[in-house]
Amino acid sequence: MHNCDFDVAVVGAGHAGVEAALAAARTGLTAALFSLSLDQVANMPCNPSIGGTGKGHLVFEIDALGGEMGAAADKATIQSRTLNTSKGAAVRSKRVQADRRLYTALMKQTMENTPGLRLIQGEVTAVHVREGEHGTEVCGVTVEPCGFFSCRAVILSTGTYLGGTTHVGDVMRRSGPDNSLPAEGLTDCLKGLGLNMMRFKTGTPPRIHRRSIDFSKLELQEGEEYITPFSSLTDPEKMNGIDQIPCHVVYTNADTHRIIHENIHRSPLYSGKIHGTGPRYCPSIEDKVMRFADKERHQLFVEPMGLDTDEIYLQGFSSSLPADVQVQMLHSLVGFENAEIMRYAYAIEYDCIDPLELLPTLEVKKIRNLYGAGQFNGTSGYEEAAAQGLVAGINASLRLRGMEPMILTRHSSYIGTLIDDLVTKGTNEPYRIMTGRSEYRILLRQDNAEDRLIDEGYRCGLVSEERYRAAKERMRLVAEEVERLNHVNVGPSCGINVLLEERGTAPLKDGATLAELIRRPQMDYDCTAPWDPARPDLPRALREKVWTEIKYEGYIKHQMDDAARQTKAESTLLPADIDYKSIRGLRLEAAQKLDKVRPASIGQAQRISGVNPADITVLMIWLKTR
């Protein structure tokens, strides 16, 4: 029996903190989730959406591991779309508009109903450590105004609250997102513990009153006809019964760009008042206009914030320009000539850790049982945060239960790619996941997230026996159908040849398997049904998965071979106590980089910037002689 107030203390109740706390409590530990305000739990201070390019993949993976984000997003969906439908299945990504307040309420209620989990309002101002059997380890946190709480592990998921400062033109305030209180005391404590901290910046656009927008002048953007839920626990039929709310599209124009150019000197980004580094892939509108001067217009998305509010979010229009300039810019847009701003745009600077301080488990290298997650680790986005929170919560739980850690590989998941990029390469700007970051993206589709990760979720204790068996049954049905289609032959009948010619592909002269027909670019799984009387009655999602598995079979096999080769490099482990500077033949730059990152394997060492193939050869020779 451990004489502690809690097994795990989670600092910050954003998307990372929620998943971390739920993972700890659901695996049988006691957990406390500390938040500056319980009204901000699982808040969406920026866009009212979940998913997107690459991010949608993360949500499916979170669900497969037993996380909560996908299930909550399904319940709060007011519109669903799949992005990149004109491209291959690997890069298609689901994105939903969510009812912002409903999402928060659902998450808060889920946590309130979770045994072993306490929500406590207060500011964590210090993390306490002691010398233990394995070196420096955490032992508790100080929370104002509550006092000291002892614990066995701490997960830091402070979001943009840590040292938060907001900017609107010349108006600079110590603040968290949504005009909330900042977390002031913890940064100095962490620096005192020897952690290397950084300062990043992000931003958000204005919110507009619905009644003041002329929607007749905007492009309409409807939801998709068939909705595939994020979570396998969500009933697809129920999901497809919702009334979807339309979104719209508008564009900046020459007048918008002129206003920005005339007032750019008033932007704290350009006047030197903002020192934090902003996100490259989600820049403010003034940054976009200045950096991409050749572009005549920029696309903006007009998105509802929820069913019970008239606030509209203007995605792509984030800014830190003064309020009067924001009004001018907004009124220059077609349909927004009389737009009324309810909340002005702002930029926010905040403190975060250098992710090179972290192990692949998201544990801080210097302090045992101290973990980082979310924007605290230098990332951007709700989905990236939730994924890291889940991993940190799982690994803290596994450590305290005496089990092997969960380290996801690059070829197993986008979560593994995200974490490996952070802890191996570091980041000098808010990191965002994209499908292009993975060299294994044909293997890492949305539709096979359970296939890849359900075993790990089950081992960790977050996936129930019933759910695990159901997932395995779905995998069996798909595998059997793929195998069957590879052995069912179709002759060159009049009917099949008419279909083939109608679809613009060559008719059959000899027989072919159904799999060979389905593999043709013009064909799909469903169109061959009339010539396949023995076909099983599979749900839509499984039929689409069968088609994908057959269509990309050669590419999938090729990437699986690549992954197998990489697995060999990952299994060649490097001792934790190597003195890299003493290895003869290793370049000084490589030795310094290796010493800083302390890679766990040859595979990880290969991905460190500044370490070349010759350095890896030297390392391999050193390992053999050792």
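Hydrogens, waters and symmetry mates are skipped; everything else that's a heavy atom, side chains included, is used.
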Can you see whether [Y] has [X] sitting over its ring - NZ or CZ less than 6.0 Å from the centre and within 45° of the normal?
{"X": "Arg173", "Y": "Tyr346", "value": "no"}
{"X": "Arg543", "Y": "Tyr525", "value": "no"}
{"X": "Arg540", "Y": "Tyr226", "value": "yes"}
{"X": "Lys201", "Y": "Tyr350", "value": "no"}

message: One pair to check against side-chain contact (heavy atoms from CB on, under 4.5 Å): Phe200 and Met198. What are the steps and the verdict?
response: CA-CA 7 Å; Phe200 279 175; Met198 307 187 299; 3.5 Å; yes

task: Would you please name every residue forming a side-chain contact (heavy atoms from CB on, under 4.5 Å) with Ala42, sequence neighbours left out?
output: Val18, Tyr103, Met107

Closest heavy-atom pair and its distance - [X], [Y]:
{"X": "Val59", "Y": "Gly70", "result": "CG1-CA, 3.6 Å"}
{"X": "Asn448", "Y": "Leu444", "result": "OD1-C, 4.1 Å"}
{"X": "Val168", "Y": "Ala345", "result": "CG2-O, 3.4 Å"}
{"X": "Pro355", "Y": "Leu422", "result": "CB-O, 3.6 Å"}
{"X": "Ser80", "Y": "Ile227", "result": "OG-CG2, 3.7 Å"}
{"X": "Gln559", "Y": "Glu439", "result": "NE2-O, 3.2 Å"}

Any chance [atom1] of [X] has more than 12 other-residue heavy atoms, nucleotides or ligands included, within less than 6.0 Å?
{"X": "His558", "atom1": "NE2", "value": "no"}
{"X": "Met197", "atom1": "CE", "value": "yes"}
{"X": "Asp308", "atom1": "CG", "value": "yes"}

Quick one: does any side-chain atom of [X] pair with a main-chain N or O of [Y] as donor and acceptor, under 3.5 Å?
{"X": "Asp74", "Y": "Ser231", "value": "yes"}
{"X": "Glu224", "Y": "Thr82", "value": "yes"}
{"X": "His331", "Y": "Ala339", "value": "yes"}
{"X": "Arg207", "Y": "Pro205", "value": "yes"}
{"X": "Thr309", "Y": "Gly306", "value": "no"}
{"X": "Asp99", "Y": "Leu307", "value": "yes"}
{"X": "Asn84", "Y": "Lys87", "value": "no"}
{"X": "Arg441", "Y": "Ser438", "value": "yes"}
{"X": "Asn253", "Y": "Ser332", "value": "yes"}
{"X": "Arg452", "Y": "Arg445", "value": "yes"}

message: Does any part of the side chain of Arg503, heavy atoms only, come nearer than 4.5 Å to the side chain of Asp524, both counted from C-beta?
response: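 They are in side-chain contact.
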
If we count only N and O atoms by modelled type, under 3.5 Å, do the side chains of [X] and [Y] hold a donor and an acceptor together?
{"X": "Asp351", "Y": "Thr187", "result": "yes"}
{"X": "Thr252", "Y": "Arg297", "result": "no"}
{"X": "Tyr251", "Y": "Glu296", "result": "no"}
{"X": "Thr160", "Y": "Gln375", "result": "no"}
{"X": "Ser180", "Y": "Gln40", "result": "no"}
{"X": "Tyr440", "Y": "Asp562", "result": "no"}

- request: Kindly indicate, with the supporting measurements, whether the criterion side-chain contact (heavy atoms from CB on, under 4.5 Å) is fulfilled by Lys75 and Leu102.
  value: CA-CA 8 Å; Lys75 294 187 184 88; Leu102 177 58; 5.8 Å; no

task: Working to the nearest 0.5 Å, report the span between CZ of Phe376 and CG of Leu362.
output: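 Rounded to the nearest 0.5 Å, the CZ-CG separation comes out at 11.0 Å.
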
field: side-chain hydrogen bond (donor to acceptor under 3.5 Å, both in side chains) involving Thr104 - partner list, sequence neighbours excluded
entry: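 side-chain hydrogen bond (donor to acceptor under 3.5 Å, both in side chains) list for Thr104, sorted by chain: empty.
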
query: In chain order, what residues pass the salt bridge (Lys or Arg N to Asp or Glu O under 4.0 Å) check against Asp63, with sequence neighbours excluded?
result: Arg467

message: For His248 and Phe215, take the angle between the two ring planes, folded into 0 to 90°, and tell me which bin it lands in: parallel under 30, tilted 30 to 60, perpendicular over 60.
response: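 Plane angle between 30° and 60°, so tilted.
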
task: Test Ser232 against Phe60 for side-chain contact (heavy atoms from CB on, under 4.5 Å), laying out the working first.
output: CA-CA 9 Å; Ser232 66; Phe60 280 97; over 6 Å; no

task: Might you work through the side-chain contact (heavy atoms from CB on, under 4.5 Å) test for Arg607 and Arg410, ending with a clear yes or no?
output: CA-CA 11 Å; Arg607 297 189 293 274; Arg410 296 183 71 86; 3.5 Å; yes

- prompt: Looking at Glu384, Gln388, Glu357, which hits side-chain hydrogen bond (donor to acceptor under 3.5 Å, both in side chains) with Asn377?
  reply: Gln388

